[in-house]
Amino acid sequence: MADEDLQGLDEPGLRAEWQRLADRVAAANLAYHQADAPDISDADYDALKRRLAAIEARLPDLAALGPSAQIGAPPSETFAKVRHAQRMLSLENAFTGEDVADFIARVRGFLNLAEAAPLVLTAEPKIDGLSLSLRYEAGRLVLAATRGDGETGENVTANARTIADIPQTLAGAPAVLEVRGEVYMGHADFAALNERQTAAGDKTFANPRNAAAGSLRQLDAAVTAARPLRFFAYSWGEMSTPLGPTQTAAVARLAELGFKVNPLMRRCEGLEALLAAWREIEQGRATLGYDIDGVVYKVDDLALQDRLGFRSTTPRWAIAHKFPAELAWTRLLGIDIQVGRTGALSPVARLQPVTVGGVVVSNATLHNEDYIAGRDAKGSPIRDGKDIRVGDWVQVYRAGDVIPKVADVDLAQRPPEAVAFTFPRLCPECGSEAVREEGDAVRRCTGGLICPAQAIEQLRHFVSRGAFDIEGLGVKQIEMFFADDQLPVKEPADIFTLAARDAASLTRLRNRDGFGEKSAANLFQAIEDRRTIPFARLLFGLGIRHMGEVAAQDVARHFATWAALVESLDHARPAALAHRAADAAEDAERMAAAAEARRPRIAEARRAAMTAAQVTPAAQAAWDDLVGTDGVGPVLALSLSDSFANPQERGAIDRLMAHLTVLPPEARAKVSPVAGKTVVFTGTLERMTRAEAKARAEAMGAKVAGSVSARTDLVVAGPGAGSKAREAEKLGIEILDEDAWLRLIGA
DNA sequence: GTGCCTCGAGTTCC
DNA sequence: CTCGAGGCAC
C-alpha cells in the first residue's frame, strides 16, 4: 500500500480515510495485545501505519488523536505478558575478592561442609545483554519471554524465532524444557548496525545492550530478523528431566542440544582459582567481541544448589563478581531537592552531561544531606563524605551499571567562589517544615498530604504495578489529572469518581488532546475493573510508611478481612500511643543523662506515658496481635496505627473504601504436608545446619518460629532439646525427631 | 546486645 | 541497584 493514491483525495476524503485506518490499527492492536492473536500480518500492519503517518503529515491536527499518539501506551504495553513457570531470579553482586570469600564462606557454612571438603564452582563471563527464557515442549520452541520483573515477562516468541543461535526444535530434549540465557549483540555487529541506522536517518543506539534490547522488543519481527542478535544459554527453568548432575554437565548438555554456550566457562576449586579466572576473563575482555560486565560463579553440584535454595530474589548458590565500574569526571551544575512519597527530601546532582559506560548522564543521586556536607548531623566527618559544592568537578559512575552516583570530588579544581551547599530546612514544594529525626539520615517534609509533591507521589504509588495497576493511568496521566481543573484527581477516591464526573461535564475527556473515544472508554473500564481489589494490593496501595508489598501480604493474610484490620487497629490505638509514649520517655531519659536541662521534657513525656498507660486489656491484646503478626514489628505497627488514626488520612481511606470491594487474601496453596504450619527447631540438628533446615521448611510453605507457643504446630527436636521440647509436651504439640521430619517433607 | 537477612524507599535512563 | 533500617535469631 503506497501513499501515492492519497494525492487524489481532498481534505474530507483524507479525514475519512484516516478514520478508517485508525480504526483498523486500533482493532489490530487489540487483537495483538489482548488475544496475542494478530489478525493481520506484520507487513500489512506496517503499511497501515505508514499510510496513517502519510495522512498525518499533511493534516497534523490528526496526529494527536490517532493510535500513533495514544497516551498510556508505552512500549512495555505492546507485548503480551506471560507468567514464568519458574521465577527468573537475579544474582547477588560481589565487587571485591573479599565479597567472594564471604560468599564461599556462607555457602560452606550453610551446607556445613567440613574444612577439608572440596567445593567446586563454575566461573563464566557475565554477558551484558538481556536475559531470555525459552520454553520447549516436545522439542519445539513454544514460548520466548523476557525476564520482566522475574515473575512476569513479555512474550517475544515471534522475535526470538528470528535469532539464528536459538534452535526452533531440539532433538532428544526432555518433554518440557525451559532454557535460559542472554541475548546480546557483538561489537562489530553493533557498529555496523549503527552505521546503517545513520545512513537511513534512524536513531543510533548508545551501546550494544540497548541495541539488543531495542531489537528484541520490536513489534515487527521482520525488524528483529534484520538485527544481528546472538544468544548464549547458561541456565534453565522448568524441565521434565534433569539435564545432568552438575552445572558443567547440564551446560554441556545444552550445547549438545544445539545451543551456543560460552566457551570460557570453567570449573574452579577454591577462592584463588575463582579470582584467577576472574582476572583472566577481565584481561581478555577487550578481545571478546562482545560486552561483559563481570564473572558469574555457581556451585557446580546441582544437588548442592538444590540444598542451598533461594532467598527472596537471589539464589544462594551463585554470585556475580562485577568488574570495576567505568568512571567519568564532570562539572556539578546544581543541586535540586526532590520530595518523595514519604516526604523524604533527596538531593539530585544536575551535571554537565557526560558519557559513562555508554550512556549520557546528566543527573545523579547525592544520597542525602550528610553525604553532600561530608559530615553527619553532629559535625563529625563521615566515611565517604565529600563536602560537595556546586561548581565542583565530580566523579560519576553508574552503580551496577545503572544508577548514576557521584563518587568523588576534585578539591584541587574547586572554583574559589564555590560555597558549601545549604540543605533546605523547609520543604521546597510546600514550605512546610522539613525535620530530621534523630539517628535518621533523611530529612522529611512534615506537610503530609498538604504537600503537592507527596500527594502526587502517593497517587503514583497507588496506581503503580504492585498496587492498583490501572492500565491507562500511568505517571503522566496522574500528573495531568492532579493539576487538572475540569477533572481533578487529588486523592485515590477521586479516581473512582472520574467516569461519573466526566459524564456530567461539558468538555468530555474523549475530546481532549491525547485522548480519544477509545482511550477514554478504556481508561474508565480499567478503573471499573479495579473496584474489586485484593486486600494486600489495597493495603500496599495506601502508601503507608514501612508497608511494602511483602508486609502488606503478611498483614492481609493475618487479618483476612479489611473490617477485621480496621477494627483491630481502632482497638489497638491506645496501646500504640502507649508504646510511642514509652519510647519517648526512654529517649528523654537517655538525653537527661547528657543534659539535666531537659527535666521539663522528661516530666512531660512521663506524664504522657502515664496517661497512655491507661490501656485496656482489649487494646493491649489488639496491639500484641498486630505486633505479633509475621513481618510486623513496633515500627510498622505504629506507622499503620498513625495512618488510620490521622483524621486526614483516615478520611481519604474511608472515602476510597466507599468505592471498593475487597477480595480476601488467597489461602497459601497446599503444596506440602507442612504448608502453613508453624515449626520450631530445637536441640542439635545432625543432618543439616539450622539455616538450611529453616530455609527448607520455608520453601515447603512452613513458618519457622523461635519459640514454642500455642500457635506452634510441630516441634522438631534433636539431641539435647530442653525446655522447648518440655513446653511442647505440656501443650500437646506433635514432636518429631530429625529423621521423622525429613521423611515428612520427603527428603 | 549483636549480627544476619530481607524488605522498603528512593534513584536514572531508555 | 544500593543503602538504611526493621525484624528476628542467637
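Note on naming: letters A, B, ... go to the chains in the order of the sequence lines (proteins, then strands), and numbering restarts at 1 for each one. What you see is a predicted model; the values in this text were computed from it and never measured. All heavy atoms count here, side chains included; hydrogens, waters and symmetry mates do not.
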OP1 or OP2 of [N] sitting under 4.0 Å from any side-chain N/O of [X]?
X: A/Ser362; N: B/dC13; answer: yes
X: A/Gln338; N: B/dT11; answer: yes
X: A/Arg341; N: B/dA9; answer: yes
X: A/Asn363; N: B/dT11; answer: no
X: A/Thr342; N: B/dG10; answer: yes

[atom1] of [X] versus [atom2] of [N]: gap in Å, rounded?
X: A/Leu345; N: B/dT11; atom1: CG; atom2: C1'; answer: 15 Å
X: A/Leu366; N: C/dC3; atom1: CG; atom2: P; answer: 14 Å
X: A/Arg460; N: B/dG10; atom1: CZ; atom2: P; answer: 11 Å
X: A/Arg444; N: B/dG8; atom1: CZ; atom2: P; answer: 15 Å
X: A/Leu308; N: B/dC5; atom1: CG; atom2: P; answer: 12 Å
X: A/Phe540; N: B/dG8; atom1: CZ; atom2: P; answer: 8 Å
X: A/Glu92; N: B/dC4; atom1: CD; atom2: P; answer: 13 Å
X: A/Asp630; N: C/dG7; atom1: CG; atom2: P; answer: 12 Å

Give a yes-or-no answer on whether the side chains of A/Thr314 and A/Glu92 include a donor-acceptor pair shorter than 3.5 Å.
-> no
Please tell me which of the listed nucleotides, [options], lies nearest to the side chain of [X]?
X: A/Asn93; options: B/dC13, B/dT11, C/dC1; answer: C/dC1
X: A/His367; options: B/dC13, B/dG8, C/dC3; answer: C/dC3
X: A/Val348; options: C/dG7, B/dC7, B/dT12; answer: B/dT12
X: A/Lys405; options: B/dG10, B/dT12, C/dC3; answer: C/dC3
X: A/Ser346; options: C/dG7, B/dT12, B/dG10; answer: B/dG10
X: A/Val635; options: B/dC13, C/dG6, B/dT11; answer: C/dG6

Main-chain N/O of A/Phe205 paired with A/Asn194 side-chain donor or acceptor, under 3.5 Å = yes
A/Tyr290 ring center near A/His187 ring center (under 6.0 Å) = no
Ring centre gap for A/His321 and A/Phe95 strictly below 6.0 Å | no
What nucleic acid atoms does [X] come within less than 4.0 Å of, heavy atoms only: base, sugar-phosphate, or nothing?
X: A/Ala213; answer: nothing
X: A/Gly631; answer: sugar-phosphate
X: A/Val442; answer: nothing

From CA spacing to verdict: ring pair (Phe, Tyr, Trp, His ring centres under 6.0 Å), A/Trp278, A/Tyr297 = CA-CA 9 Å; A/Trp278 185 78; A/Tyr297 308 135; 8.4 Å; no
Taking for each residue the nucleotide of DNA chain B with the nearest heavy atom, is it A/Ala344 or A/Arg106 whose nucleotide lies nearer the 5' end?
-> A/Arg106
In sequence, state the C-alpha distance, the side-chain angles, and the governing distance for A/Val396 and A/Trp329, and then conclude on side-chain contact (heavy atoms from CB on, under 4.5 Å).
-> CA-CA 6 Å; A/Val396 190; A/Trp329 286 93; over 6 Å; no
